[in-house]
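I have placed the structure first, in the form of structure tokens, so that the comments after it can refer back to it.
In the text below, chain A, chain B and the rest are named by the order of the sequence lines, each starting its count at 1.
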Amino acid sequence: MNFVEELRWRGMIHDIMPGTEEQLQKEMTTAYVGIDPTADSLHIGHLVSIMMLKHLQLAGHKPLALVGGATGMIGDPSGKSEERNLLSEEVLRHNVEAIKQQLLKFLDFETGENRAEIVNNYDWMKEFSFLGFLREVGKHLTVNYMMAKDSVKKRLETGLSFTEFTYQLVQGYDYLHLFSSKNCKLQMGGSDQWGNITTGTELIRRKTGGEAFALVCPLITKADGSKFGKTEKGNVWLDARYTSPYHFYQFWLNCSDEDTERYIKIFSLFSRQEIEAMTEEHRQAPHLRLLQKALAKDITIRVHGQEEYETALEASEILFGKGTTETLKKLPEQVLLSVFDGVPMFDVEKSELDAGIGVIDFLAEKTAITQSKGEARRMLKEGSISINKEKVNDEFVVSTAQLINNRHILVQRGKKNYYLVQAR
RNA sequence: GGGGGGAUUCCAGAGCGGUCAAAUGGGGCAGACUGUAAAUCUGUUGGCUAAGCCUUCGGAGGUUCGAAUCCUCCUCCCCCCA
């Protein structure tokens with residue numbers, strides 16, 4: 001199966017320029033995707049582009065990841081309703097470096113002629129003078145052409161700065177530069193990038209007479225219409241500092257059946273046969289959530305490693321599975337802490353626990369698990385508070401008897417909100 | 001510049017002198033069901049020393065035994081005419 005066929009059955013092609021498939025069949029082709037370094041970690045929204053590069057590399061072509069040190073300084077108007085804030089040069093440098101580290105996990109940068117490379121457009125844009133840019137790039141495309149792009153049209157009502165208007169030229173020039181310097185003939189990205197990419201192919205055609213191609217994937221959606229890749233806590237990041245491996249694993253595990261059937265094709269490398277077999281099996285017994293588990297496992301291991309995956313799995317079993325007070329109390333402190341990495345923590349004086357604390361004060365005053373005593377009373381009445389996995393009522397008194405490892409108390413508000421209280 | 005309408009608890013939006021911590025809907029949070037899902041149903045949604053009390057209805061004053069409700073001024077928003 002060739003690269004385009006591979007992406008096609010995986011549902012990863014939204015639009016493809018005629019001739020692209022032929023080009024890929026003709027020779028080893030270099031292709032790139034651009035990544036905006038707006039933060040010092042990638043989030044799972046970036047993963048689609050990265051998987052495109054991965055498949056590209058597996059098909060024997062050469063992937064380039066373009067980290068937009070320069071374009072990141074400008075801001076892409078595509079899909080944005082408001083003018084972007086500019087990032088400082090220093091922040092961008094830091095972000096670019098961090099993103100490079102994450103890309104190493106996905107692509108092979110070592111072996112063979114088609115090893116992946118990272119390029120930073122700041123390297124070739126930084127010395128470009130304004131006049132030089134106008135003469136070399138601006139001259140070749142008309143404002144009429146640029147204004148016809150959807151990304152620009154949509155912003156004409158609300159306004160966009162000259163800087164953002166120029167964005168497509170800068171990105172277009174990137175493509176031209178890579179075309180000339182690295183024989184890069186394909187740019188990929190999300191469907192919102194189509195306009196920017198075609199500005200590039202047009203620029204290449206007019207300036208060099210050469211032919212370059214474009215391939216974009218559809219916007220990843222969720223069946224319920226909400227935005228993909230977001231939780232209540234915000235973006236799902238690849239960096240464990242922002243999204244713990246446990247939460248990362250949970251994100252994939254909690255995807256709906258319908259979404260997961262699409263996602264597993266996009267985010268995992270399972271073969272078509274494997275996925276079809278798993279999907280079939282999943283439909284037979286949806287409650288087992290085989291697909292979600294397979295996807296969550298595959299992607300958590302790839303991003304965080306085997307060990308972190310196992311801890312996340314263990315944590316999930318303790319929290320949602322057979323976990324009881326007994327298993328909880330047997331848990332070594334190290335495991336407990338890693339399982340609850342990222343859950344809110346509160347400190348309580350050990351001397352106070354010796355004396356015993358009424359559960360209402362414990363929830364509302366000693367900790368901030370509930371926002372007020374009124375809320376604490378309501379929650380207790382509704383049966384939504386558990387201490388060490390056991391439901392408690394409003395007469396419960398918290399004392400040292402509840403301490404796990406003589407140090408921690410696990411509190412649940414509802415089913416999914418965990419808090420760890422530490423005795424000092 | 002002239003005329004009119006409005007600002008209410010997370011949001012939308014009732015209330016127009018006491019019965020208002022304020023209808024209803026949405027959202028949120030919980031409970032049941034379940035697959036850590038969806039759908040559905042139920043409860044709850046200012047605070048407290050809690051059958052009571054305190055702070056809330058754009059801001060500042062005032063009328064009244066009593067104001068989210070009436071009056072005055074201020075701020076902001078919307079609409080119409082010029």
Q: Considering only atom P, compute the distance from B:G43 to B:U63 and round it to an integer number of Å.
A: 45 Å

Q.
What's the gap between B:A7 and B:U40 when it is taken at their P atoms, as a whole Å value?
A. 33 Å

**Q.** A:K381 or A:Q292, whichever maps to the more 5' nucleotide of RNA chain B
**A.** A:Q292

Q. Pick from A:D174, A:I35, A:N120: which one makes a side-chain contact (heavy atoms from CB on, under 4.5 Å) with A:L66?
A. A:D174

Q: Would you tell me if any nitrogen or oxygen in the side chain of A:N254 comes within less than 4.0 Å of OP1 or OP2 on B:G35?
A: no

Q. Does OP1 or OP2 of B:C33 have a side-chain N or O of A:K415 closer than 4.0 Å?
A. no

Q.
Categorize A:K391 for me: base, sugar-phosphate, or nothing, with a 4.0 angstrom heavy-atom threshold over every strand shown.
A. sugar-phosphate

**Q.** A:Q250 and A:S316 side chains, donor-acceptor separation under 3.5 Å
**A.** yes

(Q) To the nearest 0.5 Å, what is the distance between CG on A:N114 and NE2 on A:H61? (A) 9.0 Å

Q: State, without any angle test, whether A:E375 and A:T370 hold a side-chain donor-acceptor pair at a distance under 3.5 Å.
A: no

Q | Partner nucleotide, any strand, of B:C53 [Watson-Crick/G-U, under 3.5 Å] | A | B:G47

**Q.** Distance test, side-chain N/O of A:S384 to OP1/OP2 of B:C29, below 4.0 Å
**A.** no

Q.
Any side-chain N or O of A:R377 below 4.0 angstrom from OP1/OP2 of B:A30?
A. no

Q. Expressed in angstrom and rounded to an integer, what is the separation of A:D257 atom CG from B:U34 atom C1'?
A. 12 Å

Q.
Using the C1' atom as the point on both nucleotides, what is the distance between B:C57 and B:G52, in whole Å?
A. 23 Å

Q: Counting Watson-Crick and G-U wobble pairs only, both distances under 3.5 Å, name the nucleotide matched with B:A30, or none.
A: B:U42

Q: In whole angstrom, give me the gap between the C1' atoms of B:C71 and B:C80.
A: 27 Å

Q: Write down the distance separating the C1' atoms in B:G13 and B:G27, rounded off to the nearest Å.
A: 14 Å

Q: Quick one: label A:N417 by what it contacts on the DNA or RNA (base, sugar-phosphate, nothing), any heavy atom closer than 4.0 Å.
A: sugar-phosphate

Q: Return yes if the base of B:U36 and the side-chain atoms of A:Q250 contain a donor-acceptor N/O pair under 3.5 Å, otherwise no.
A: yes

Q: Using distance alone, with no hydrogens and no angle criterion, decide if A:S151 and A:Q168 have a side-chain donor and acceptor under 3.5 Å apart.
A: no

**Q.** Who pairs with B:U75 - Watson-Crick or G-U, where each distance is under 3.5 Å
**A.** B:A7

(Q) Rounding to an integer number of angstrom, what distance separates B:C79 and B:G66 when you compare their P atoms? (A) 40 Å

Q.
What contact category does A:G374 fall into here, base, sugar-phosphate, or nothing, at under 4.0 angstrom with non-hydrogen atoms?
A. base

Q | Sugar-phosphate only, base, or nothing, as touched by A:L253 at under 4.0 Å among non-hydrogen atoms | A | base

Q | Span that lies between the C1' atom of B:A14 and that of B:C20, in whole angstrom | A | 12 Å

Q.
Can you tell me the base-pairing partner of B:G1? Count Watson-Crick or G-U wobble geometry only, both distances below 3.5 Å, and say none if there is no partner.
A. B:C81

Q: Report the C-alpha separation of A:H304 and A:F248 in whole Å, then their side-chain angles, then the decisive distance to 0.1 Å, and conclude whether the ring pair (Phe, Tyr, Trp, His ring centres under 6.0 Å) test is met.
A: CA-CA 9 Å; A:H304 293 294; A:F248 186 83; 5.1 Å; yes

Q: Look at the side-chain N and O atoms of A:R289 and state whether any lies under 4.0 Å from the OP1 or OP2 oxygen of B:A37.
A: no

Q: Hey, can you tell me if A:F128 and A:F133 have their rings parallel, tilted or perpendicular (30° and 60° cut-offs)?
A: perpendicular

Q | Position toward the 5' end of RNA chain B (nearest nucleotide), A:H282 or A:S372 | A | A:H282

Q) How long is the line joining CZ of A:F320 and C1' of B:A37, in whole Å? A) 12 Å

(Q) Looking at B:A68, which nucleotide sits across from it as a Watson-Crick or G-U wobble partner, both distances under 3.5 angstrom, or is there none? (A) none

Q. Is the shortest side-chain N/O distance from A:K373 to OP1 or OP2 of B:U49 below 4.0 Å?
A. yes

Q: Find the partner of B:A12: check Watson-Crick (N1-N3 plus N6-O4 or O6-N4) and G-U wobble (N1-O2, O6-N3) distances, both under 3.5 Å, and reply none if neither fits.
A: B:U24

Q: Could you work out the separation of B:A67 and B:C53 based on their P atoms and round it to a whole Å?
A: 16 Å

Q | Distance in angstrom units between A:Q371 CD and B:C10 C1', rounded | A | 12 Å

Q. Under 4.0 Å between a side-chain N or O of A:R413 and OP1 or OP2 of B:A30?
A. yes

